Amino acid sequence: MTYKKFLNRLEKELVVTLGCTEPMAIAFAAALAKTHVKEEITGIKVLASTNILKNAMAVMIPGAQGCGVDLAAALGVLAGDHEKELEVLAGLRPSDVEKAKAMVEAGVVTVGIAKTPQKLYIEVQVATP
């Protein structure tokens, strides 16, 4: 592959992300799930492949002073802008982080391993009253 073709491929394939890809992908999926409901969200369930979970568990989320799959999902639902794709959490406010951490502490977010052969898989389900 020539250098020019290599650069063209990179430009085509690379996506800008805010922080580590896996927590941002989880937040993005949660923000997308939120767009399908009008009511208040009372539960968030994240199912993901082990590769995603492993990489997202201990990575700090920019602007959140914390890490974890559950926190990424809560932030995605509360403050995520799905139109920003993997920059979904750009512009987090301290109040967003406080609310998300409270959701996690209250057990609103659950995380499990998806039963799928896919190495990269994320599913977010949201519950309403």
Side-chain angles (χ1 to χ4, degrees):
M1 181 180 288
T2 67
Y3 182 72
K4 184 164 177 67
K5 284 184 180 179
F6 178 73
L7 288 180
N8 286 340
R9 175 61 61 112
L10 281 178
E11 286 178 12
K12 192 177 192 180
E13 299 289 332
L14 293 179
V15 177
V16 176
T17 183
L18 177 70
C20 184
T21 307
E22 286 83 355
M24 290 308 111
I26 291 164
F28 180 39
L32 281 171
K34 173 182 67 174
T35 66
H36 295 282
V37 298
K38 300 280 188 231
E39 301 88 0
E40 176 188 354
I41 293 174
T42 57
I44 304 167
K45 182 177 184 177
V46 180
L47 297 171
S49 60
T50 55
N51 285 339
I52 294 289
L53 294 174
K54 170 184 68 77
N55 291 339
M57 285 174 137
V59 178
M60 292 298 287
I61 299 168
Q65 299 82 36
C67 58
V69 173
D70 47 5
L71 181 59
L75 287 167
V77 162
L78 288 172
D81 180 352
H82 73 281
E83 292 181 359
K84 292 181 180 177
E85 298 179 347
L86 293 181
E87 293 181 284
V88 62
L89 299 180
L92 276 181
R93 298 179 311 235
S95 61
D96 299 327
V97 176
E98 288 175 27
K99 288 177 188 172
K101 287 182 178 180
M103 285 179 80
V104 170
E105 287 179 27
V108 172
V109 186
T110 60
V111 178
I113 298 172
K115 294 181 183 351
T116 178
Q118 296 177 18
K119 298 207 184 282
L120 301 175
Y121 180 86
I122 300 168
E123 177 181 334
V124 176
Q125 302 170 9
V126 292
T128 59

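Position 1 is the first residue of the sequence, and the numbers go up from there. Treat the numbers as computed from the prediction; the structure is a model and nothing was measured.
Atom-to-atom distance recorded for N8:CG and K5:NZ is 9.5 Å, nearest 0.5 angstrom. With rounding to the nearest 0.5 angstrom, the NE2 atom of H36 is 11.0 Å from the CD1 atom of I41. Here T50 contributes atom OG1 and I113 contributes atom CD1; the two are 6.5 Å apart, rounded to the nearest 0.5 Å. Atom CD of E85 is separated from atom CG of L32 by 9.0 Å, given to the nearest 0.5 angstrom. In this structure, K54 NZ and E22 CD are separated by 7.5 Å, a value rounded to the nearest 0.5 Å.
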Report, one line per pair, each donor and acceptor closer than 3.5 Å where one atom sits in a side chain of residues 58-81; sequence neighbours left out.
from : atom 1 : to  : atom 2 : distance (Å)
D81  : OD1    : E83 : N      : 3.0

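Looking at heavy atoms from C-beta onward, L89 lies in side-chain contact with M24 at the 4.5 angstrom threshold.
Residues that satisfy the side-chain contact (heavy atoms from CB on, under 4.5 Å) test with T116, not counting sequence neighbours, are A114, Q118, Y121. Evaluation of the side-chain contact (heavy atoms from CB on, under 4.5 Å) rule for K115 yields no partner, not counting sequence neighbours. The side-chain contact (heavy atoms from CB on, under 4.5 Å) test applied to K38 returns no partner, not counting sequence neighbours. Partners of T42 according to the side-chain contact (heavy atoms from CB on, under 4.5 Å) rule, which considers only residues two or more places apart in sequence or in another chain, are A127, P129.
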Checking side-chain contact (heavy atoms from CB on, under 4.5 Å) for the pair Q125/L47: CA distance, chi angles, key distance, verdict?
CA-CA 8 Å; Q125 302 170 9; L47 297 171; 4.0 Å; yes
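Closest approach of G112 to L53, counting heavy atoms only: O-CD1, 3.7 Å. The two residues I52 and A48 make their nearest non-hydrogen contact at CG2-CB, 3.9 Å. Looking at every heavy atom in both residues, F28 comes nearest to V88 through N-CG1, 3.7 Å. Residues A90 and K84 approach most closely at O-NZ, 3.6 Å, considering heavy atoms.
Applying the salt bridge (Lys or Arg N to Asp or Glu O under 4.0 Å) test to every pair with at least one member in residues 96-114, sequence neighbours left out, gives these pairs: R93-D96.
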